[in-house]
There are 2 protein chains.
Amino acid sequence: MELSTSEENYIKAIFKITERTGEKVSTNALAEEFSIKAASVTDMVQRLGEKSLVHYEKYKGVSLLEAGESVAKQLIRKHRLWEVFLVEKLNFSWDEVHEVAEQLEHIRSPKLTSELDAFLNYPKYDPHGDPIPDKEGRIQARIKLNLSKVQKGRIAEVIGVEESEDDFLRFLSRIGVQLGTKLEVLDRFEYDGSVVVQVDDEREVTLSEKVATNLWVTLEQ
Amino acid sequence: MELSTSEENYIKAIFKITERTGEKVSTNALAEEFSIKAASVTDMVQRLGEKSLVHYEKYKGVSLLEAGESVAKQLIRKHRLWEVFLVEKLNFSWDEVHEVAEQLEHIRSPKLTSELDAFLNYPKYDPHGDPIPDKEGRIQARIKLNLSKVQKGRIAEVIGVEESEDDFLRFLSRIGVQLGTKLEVLDRFEYDGSVVVQVDDEREVTLSEKVATNLWVTLEQ
DNA sequence: ATCGTAATTTAGTCGCACCTAAAAATAATA
DNA sequence: TATTATTTTTAGGTGCGACTAAATTACGAT
Ligand SMILES: [Mn+2]
Ligand SMILES: [Mn+2]
Ligand SMILES: [Mn+2]
Ligand SMILES: [Mn+2]
């Protein structure tokens with residue numbers, strides 16, 4: 001089925017909101033998401049319902065059907081692959097990629113997607129640390145937590161940042177932290193939330209609470 | 001000015017048809033191009049006229065104004081850069097790229113375009129041998145002719161193919177001919193149009209007329 | 001110069017994706 | 001529970017980009 005860019009965006013949003021809240025998605029939530037009016041959303045979800053992409057009941061919100069879910073996963077796959085491409089190959093920073101990926105995800109070409117995947121060496125995660133669904137839409141989840149939550153003694157791998165202001169990214173590169181960097185938590189000071197880490201088994205660095213909560217990491221094993 | 005994908009496609013088509021015919025473009029020609037009805041074209045060119053992108057006079061055809069021409073050149077730039085990317089990085093063949101590039105050319109992101117350009121090493125020509133406009137829209141033309149037109153004794157560089165069927169591309173790769181390959185015309189047989197060439201100062205190969213007319217080349221100097 | 005045909009435009013319609021205003025249903029609160 | 005507030009839907013409207021049918025203009029041939 002040929003879907004318009006708008007239809008695709010709705011489906012992806014329904015998927016993401018469901019993922020976050022676990023409940024049926026209200027028209028208001030979608031209206032919020034796209035900064036449009038709820039009446040417009042009602043219109044669209046009714047059409048998506050007729051196409052058997054979503055389950056929709058008046059006043060009861062909307063959820064994805066099988067077909068819709070598969071569309072959503074393919075979109076997320078493309079979106080995240082493009083984000084990897086932009087960061088790894090075209091010198092985009094983590095916060096610049098989203099808007100462009102939002103457009104690129106709608107390009108229709110199975111060959112493009114699979115070749116891009118191969119060209120990037122089948123990445124499993126995007127620059128924000130989020131998993132990239134495979135061809136069949138399977139998602140390899142991974143526990144993602146703030147460095148500020150990591151216990152003393154544990155080793156964490158940097159998989160993303162929460163907000164990526166220029167200043168912050170420059171600070172990270174200055175202390176040698178990038179995606180994939182291993183951080184061992186040597187000490188934590190509860191009184192100001194700062195964390196002492198060893199970067200890649202070498203340098204020892206103290207990170208403020210602000211920095212620590214801005215870093216997404218995953219634990220070894 | 002934010003243009004829709006449709007508007008952009010019209011502008012590019014007007015540019016290309018003007019380039020080919022040298023005359024004002026008729027609504028019929030555009031209708032033909034997009035396989036739509038002339039009445040729909042009239043509608044669109046009137047709107048493009050109001051936006052000062054084209055000059056349009058009832059019954060007299062349409063031509064690009066300054067602004068429209070610059071839009072067209074940027075689109076062609078993006079289209080051809082993406083074609084280079086698809087062929088050089090993603091293993092697309094020459095005939096597979098057009099449809100995808102037709103979509104990718106509409107992605108809005110100046111940074112994406114300039115970084116892609118740099119990533120590809122500032123290519124001057126696309127996989128079909130057509131010149132890629134620079135940031136300012138300047139086009140570096142180059143005389144493009146059929147190998148079948150090249151005189152005995154001259155050295156020609158392969159810059160593209162007319163039609164790129166799988167069979168033909170396989171034949172080329174078998175005889176070691178690709179983009180950039182130098183061919184010296186050793187002999188020509190007028191009676192069947194075949195051409196004897198030396199490939200890259202090494203192998204000697206006889207090409208049928210069909211092959212020769214399918215190869216676009218440019219002459220040294 | 002006139003006529004007939006082809007090209008082009010106009011008028012009116014349709015689906016998409018948005019809007020506003022008003023009605024209806026649901027949820028919150030007294 | 002009754003009333004009020006919020007959420008959601010319906011009804012009707014707009015611009016875009018296509019369509020058909022009909023009117024108009026241009027043009028080639030006699
Ligand atoms: Mn999108
Ligand atoms: Mn992401
Ligand atoms: Mn092309
Ligand atoms: Mn296009």
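Predicted, not measured: the structure shown is a model, and the values here were computed from it. Below, chain A is the first sequence line, B the second, and so on; all start at residue 1.
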request  = Could I get the full list of ring-ring contact (aromatic ring centres under 6.0 Å, His included) partners for A:H55, not counting sequence neighbours?
outcome  = none

message = Holding to salt bridge (Lys or Arg N to Asp or Glu O under 4.0 Å), I want the full list of residues that pass it with B:R20, two or more places apart in sequence or in another chain.
response = none

message = Heavy-atom nearest nucleotide on DNA chain C for B:V41 versus A:S6: which residue maps closer to 5'?
response = B:V41

request  = Please list residues of residues 46-60 of chain A whose heavy atoms come under 4.0 Å from any atom in DNA chain C, ordered by number; otherwise none.
outcome  = A:R47, A:Y59

task = Give a yes or no answer on whether the side chain of B:E69 reaches the backbone of B:E66 with a donor-acceptor pair at less than 3.5 Å.
result = no

query = Okay, side chain of B:S40, backbone of B:I36: is any donor-acceptor separation there less than 3.5 Å?
reply = no

inquiry  = I need the full list of salt bridge (charged side-chain N to carboxylate O under 4.0 Å, His left out) pairs touching residues 32-41 of chain B, with sequence neighbours left out, sorted by first then second residue.
reply    = none

message = Regarding A:S40, tell me which of base, sugar-phosphate or nothing describes its non-hydrogen contacts under 4.0 Å with the strands shown.
response = base

request  = Could you tell me from which nucleotide to which nucleotide of DNA chain C, 5' to 3', there is an atom under 4.0 Å from chain B heavy atoms?
outcome  = C:dA7 to C:dT10

key: Those residues of residues 16-38 of chain A lying under 4.0 Å from DNA chain C by at least one heavy atom   = A:I36, A:K37

Using distance only, find each side-chain donor-acceptor pair of residues 112-132 of chain B under 3.5 Å and give its atom names and separation, not counting sequence neighbours.
| unit_1 | atom_1 | unit_2 | atom_2 | d |
| --- | --- | --- | --- | --- |
| B:T113 | OG1 | B:S109 | O | 3.4 |
| B:S114 | OG | B:P110 | O | 3.4 |
| B:S114 | OG | B:K111 | O | 3.3 |
| B:E115 | OE1 | A:N91 | ND2 | 3.1 |
| B:D117 | OD2 | B:R77 | NH2 | 3.2 |
| B:D126 | OD1 | B:H128 | N | 2.6 |
| B:D126 | OD1 | B:G129 | N | 3.0 |
| B:D126 | OD1 | B:D130 | N | 3.0 |
| B:H128 | ND1 | B:E83 | OE1 | 3.0 |
| B:H128 | NE2 | B:W94 | O | 3.0 |
| B:D130 | OD1 | B:K144 | NZ | 2.9 |

remark   = Double-helix bend of the helix from C:dA1-D:dT30 to C:dA30-D:dT1, axes at both ends from 5 pairs, round to 10°, gives 10°

request  = Answer yes or no: is there a side-chain heavy-atom contact under 4.5 Å between B:L3 and B:M1?
outcome  = yes

query = Can you tell if the side chain of A:E19 reaches within under 4.5 Å of the side chain of A:I76, non-hydrogen atoms only?
reply = no

ask   = chain B on DNA chain D: first and last contacting nucleotide, 5' to 3', under 4.0 Å to a heavy atom?
value = D:dC16 to D:dA26

request  = With sequence neighbours left out, write down each residue that passes salt bridge (Lys or Arg N to Asp or Glu O under 4.0 Å) with A:K89, or none if nothing qualifies.
outcome  = none

Sidechain-backbone polar pair: A:S208 side chain, A:S194 backbone, donor-acceptor under 3.5 Å = no

inquiry  = So A:T42, base contact, sugar-phosphate only, or nothing? Heavy-atom distance under 4.0 Å.
reply    = base

request  = Please name all residues satisfying ring-ring contact (aromatic ring centres under 6.0 Å, His included) with A:F189, sequence neighbours left out, ordered by chain then number.
outcome  = none

task = In plain terms, say whether A:R80 and A:E105 are close enough for a salt bridge, that is, a side-chain N and a carboxylate O under 4.0 Å apart.
result = no

ask   = ring-ring contact (aromatic ring centres under 6.0 Å, His included) with A:F85: which residues, sequence neighbours excluded?
value = A:W82, B:F85

query = Is the backbone of B:I107 close enough, under 3.5 Å, to the side chain of B:K78 for a donor and an acceptor to pair up by distance?
reply = yes

note = Which of B:Q46, B:R47, B:K24, B:M44 passes side chain to side chain contact (heavy atoms under 4.5 Å, CB included) with B:Y56? Answer is B:Q46

